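Quick notes on the structure that follows.
Note that the coordinates shown come from a computational prediction; the quantities given were computed from them, not determined experimentally.
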Amino acid sequence: MNDIAFNPKLSRRAAILCGLSAAGGLAIGVPVRAAEKALRKVSWADGQNLKPEMTAFLVIDPDSSVTIRLPHQEMGQGTSTALAMLVAEELNCDWAKVRVEYASANRNFRSGMKLYGQMQTVGSAGVRTSVTVMQQAGASARERLRVAAAQRWKVDPADCSITPGKCLHKASNRSLTYGDLAADASKVSLTAEPAIKTPDQYKLLGKWTPRLDTAPKLDGSAQFGIDAKVDGMVYADALSCPEFGGKLVSVDETPVQGRRGVLAVVKTGDTVIVVADRYWRAKSALNLLKPVWASGGAAKVDSAQLDKAYRDALDGPLVQAKNVGDAPAALAAAPKVIEALYEAPYLAHAPMEPLNCTVKLAPDRVDVWIGTQAPMSVLRLAAQESGVAAENVYVHNQFVGGGFGRRTQHDELVHAIAAAKAVGKPVKLIWRREQDIRRDRYRPQAAVRFRAAMGADGTPTAISSQIAVGSLLRSLGASKVENGLEPMAVEVIATHAYKIPNNRVEVVLKNAHVPVMFWRSVGASQNTFFLECFIDELAHEAGADPYQFRRKLAADRSDYVAVLDKVAKESGWGTPLPKGHGRGIAIVDTYGTVTAQVIEVSVSEAGKLKVERVVAAVDCYHAANPNTIAQQIEGGIVFGLTAAIHGEITIKDGAPVQGNFNDYPLLTMAETPPMETHLVLTGGPRWGGIGEPSVAPIAPALCNAIFAATGKRVRKLPLKNVDLRSV
């Protein structure tokens with residue numbers, strides 16, 4: 001077992017120096033200027049391969065610098081560094097000479113998706129689904145270099161060895177650099193692919209490594225979607241119907257006619273777009289327009305009605321998602337049944353970088369500059385909207401300023417193409433913050449009812465779970481969902497590790513007029529809150545310690561037990577706390593990773609909440625880069641705390657109420673607690689995901705801590721609506 005801890009007391013200066021020493025992917029101590037080579041613009045974004053390559057993932061230049069092509073996007077999660085490390089480990093190259101670039105979506109499409117697959121960065125899949133292919137790319141290149149050296153020297157390849165960046169022939173004391181051999185090695189055909197390393201052979205993987213994208217983000221050279229510039233481009237702003245499902249009837253263009261810089265007013269089915277020579281001019285002109293909208297039938301819908309509809313849906317009919325034993329019979333025979341109703345609201349993605357897109361249209365070509373989690377989806381959508389063949393669409397990937405699941409469905413691209421068609425010029429379209437939040441595709445609203453029976457020893461003998469939640473697949477256009485079930489709706493509640501002899505899970509997929517979408521940690525984000533809070537209720541009913549209660553229920557899962565034990569130890573679980581303080585615990589197995597968190601809170605007599613500390617323990621089985629894992633875990637904690645404390649999209653007159661950070665606030669620095677991350681790696685054949693898992697347990701750990709501090713059980717989020725004064 002590998003236990004890696006991260007020091008939460010690292011000073012700001014030390015942290016900055018560590019980041020600076022990263023030099024954008026070079027070894028510690030290399031000057032920051034050298035970082036400019038680490039993340040560079042794609043040199044073959046038009047799909048043409050301009051250099052001899054070892055594989056589609058790897059090019060070695062004559063100076064022995066290594067360019068690794070990424071099939072996944074960099075969204076601040078460190079995937080670019082982790083994927084490069086997988087290749088560099090096998091290639092045995094000089095890490096100081098590693099750089100990365102995005103793989104070409106166009107080239108991938110032309111290959112029939114055979115080169116880079118789906119290229120999606122979703123579901124914590126950036127590393128775990130590409131481990132083998134990236135490692136094999138590095139191993140294959142290493143072997144080709146060795147064979148090329150042997151052919152050059154006319155010796156047996158078995159007599160040639162590899163050191164970082166060089167091939168050696170010890171018998172004759174000869175050596176050649178990777179750069180010397182690259183052109184020849186690119187022509188070598190291997191009879192069989194070489195074996196990849198086992199974890200005990202790793203020299204780079206598993207070591208804390210500075211990120212490749214740090215320096216360009218510090219010096220401002222990193223290009224996000226919103227930074228894109230194209231010769232001759234103009235700007236556009238969009239305003240969509242406030243009510244989802246509503247339509248545009250008309251708009252009087254008189255107020256903007258002849259206005260300086262305004263080029264066009266573009267009308268789509270439910271949106272008005274103004275195009276101008278400056279973004280501010282487009283935005284200011286759009287503010288003058290008074291569109292007339294037609295209701296889609298939901299103009300009288302509000303959040304109170306939706307809350308009731310989801311609660312009422314729990315009374316059926318429902319579809320059975322899991323059935324172990326006979327929960328109804330066990331509950332009927334139980335002397336006491338514990339019952340609870342939990343609810344969670346719609347949530348926006350609210351990325352720091354609002355949705356934006358730059359497009360350039362030609363009769364036989366489309367170029368798109370965008371930050372995306374799904375470049376292949378961008379390519380297909382651009383082809384559909386422009387009428388240009390998909391093989392002539394070129395996606396220029398940019399850094400992503402926050403995705404969280406939102407940047408897989410590109411409504412802004414549709415608007416940008418409509419604007420570009422209207423004016424015959426390249427267009428950069430930016431969704432203003434209010435458009436971004438009010439036209440989001442939200443995390444679904446949900447309600448869950450639990451009923452449980454306890455044995456004489458305090459162990460649950462039965463649990464019944466009934467879930468009402470919006471269907472993501474239906475909201476995304478699926479005509480039907482097989483058997484009325486989808487995995488996201490029941491994950492965690494139907495897949496937890498607790499051994500309960502009678503366990504029934506039922507669900508109804510209930511969609512309102514509000515569109516829903518994948519949101520960081522997806523169904524686990526609300527279902528872990530529901531389940532882990534209810535498990536805490538059962539522990540309290542049994543008079544048991546919440547940590548030990550969970551440990552007993554998951555005793556046959558050694559990874560669960562190890563993570564629980566670690567988080568309990570590091571958090572000081574069980575040690576005395578002052579009055580008004582409490583600790584809460586939660587654990588989940590999601591995206592291939594077991595994550596537990598303990599939160600310590602204080603609640604004043606007036607009900608003011610302060611999160612004092614968060615301790616996380618994680619088993620993702622292997623670690624490419626512990627640095628980025630810690631960052632992801634702690635970033636997910638902040639993301640989850642934001643949602644638990646503040647997050648809520650409410651509906652009035654069929655439309656979202658919240659529209660900017662004044663009424664949809666993010667966690668402030670003052671609210672952000674000290675955080676610790678501890679890796680408890682048990683190895684084995686799989687690699688777990690890391691971007692999603694830490695979001696899921698934070699809300700239940702927080703609410704369980706509030707109960708410990710106040711005796712008040714929170715069953716509906718967000719906390720801003722809850723009176724936390726002690727009962």
Side-chain angles (χ1 to χ4, degrees), residues 4 6-8 10-41 65-89 93-102 121 124 126-128 130-131 134 202-224 352-353 371 373 397-403 618 620 622-636 638-639 675 677 679 687 689-691 694:
I4 305 173
F6 301 92
N7 183 5
L10 188 70
S11 72
R12 188 187 321 187
R13 177 175 175 80
I16 291 173
L17 289 174
C18 286
L20 291 175
S21 68
L26 283 76
I28 293 175
V30 178
V32 176
R33 284 188 183 276
E36 296 173 5
K37 295 182 178 179
L39 279 161
R40 62 180 184 177
K41 294 182 179 179
S65 62
V66 178
T67 300
I68 297 167
R69 293 171 179 154
L70 305 176
H72 298 288
Q73 315 309 300
E74 179 58 67
M75 301 187 290
Q77 81 279 38
T79 293
S80 58
T81 305
L83 292 174
M85 290 174 70
L86 290 166
V87 176
E89 176 68 64
C93 63
D94 181 355
W95 180 248
K97 291 192 172 185
V98 169
R99 60 185 71 168
V100 297
E101 65 185 21
Y102 288 130
T121 308
S124 291
V127 171
R128 67 188 176 117
S130 296
V131 167
M134 300 305 284
Y202 294 163
K203 295 179 180 178
L204 177 62
L205 287 175
K207 289 186 168 55
W208 194 100
T209 304
R211 286 172 51 158
L212 296 176
D213 58 328
T214 298
K217 289 176 177 175
L218 287 174
D219 68 19
S221 62
Q223 293 293 296
F224 291 82
M352 270 301 180
E353 179 193 15
Q373 296 176 246
N397 282 331
Q398 311 289 292
F399 278 121
V400 180
V618 180
C620 51
H622 297 280
N625 186 0
N627 176 23
T628 55
I629 290 175
Q631 292 172 353
Q632 278 292 84
I633 292 297
E634 292 167 16
V638 172
F639 191 86
M675 294 174 280
T677 299
L679 297 189
W687 292 60
I690 213 67
S694 67

Side chains of [X] and [Y] in contact at under 4.5 Å (non-hydrogen atoms):
X    : Y    : result
P626 : K207 : no
D213 : V100 : no
H72  : L83  : yes
W95  : L212 : yes
L86  : L205 : yes

Counterpart residues, side-chain hydrogen bond (donor to acceptor under 3.5 Å, both in side chains), relative to Q73 (two or more places apart) =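 side-chain hydrogen bond (donor to acceptor under 3.5 Å, both in side chains) check on Q73 returns N397.
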Would you please name every residue forming a side-chain hydrogen bond (donor to acceptor under 3.5 Å, both in side chains) with T79, sequence neighbours left out?
-> Q77
Judged by atom type as modelled, is there a donor-acceptor pair below 3.5 Å linking the side chain of T628 to the main-chain atoms of N625?
-> yes
Sub-3.5 Å donor-acceptor pair from the side chain of N627 to the main-chain atoms of T209, do we have one?
-> yes
Is it the case that T677 and E634 place a side-chain donor and acceptor less than 3.5 Å from each other?
->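 The answer is yes; a qualifying pair exists.
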Ion pair R211/E74, N-O distance below 4.0 Å = yes
Any idea how F224 and F399 line up, ring-wise: parallel (<30°), tilted (30 to 60°), or perpendicular (>60°)?
-> tilted
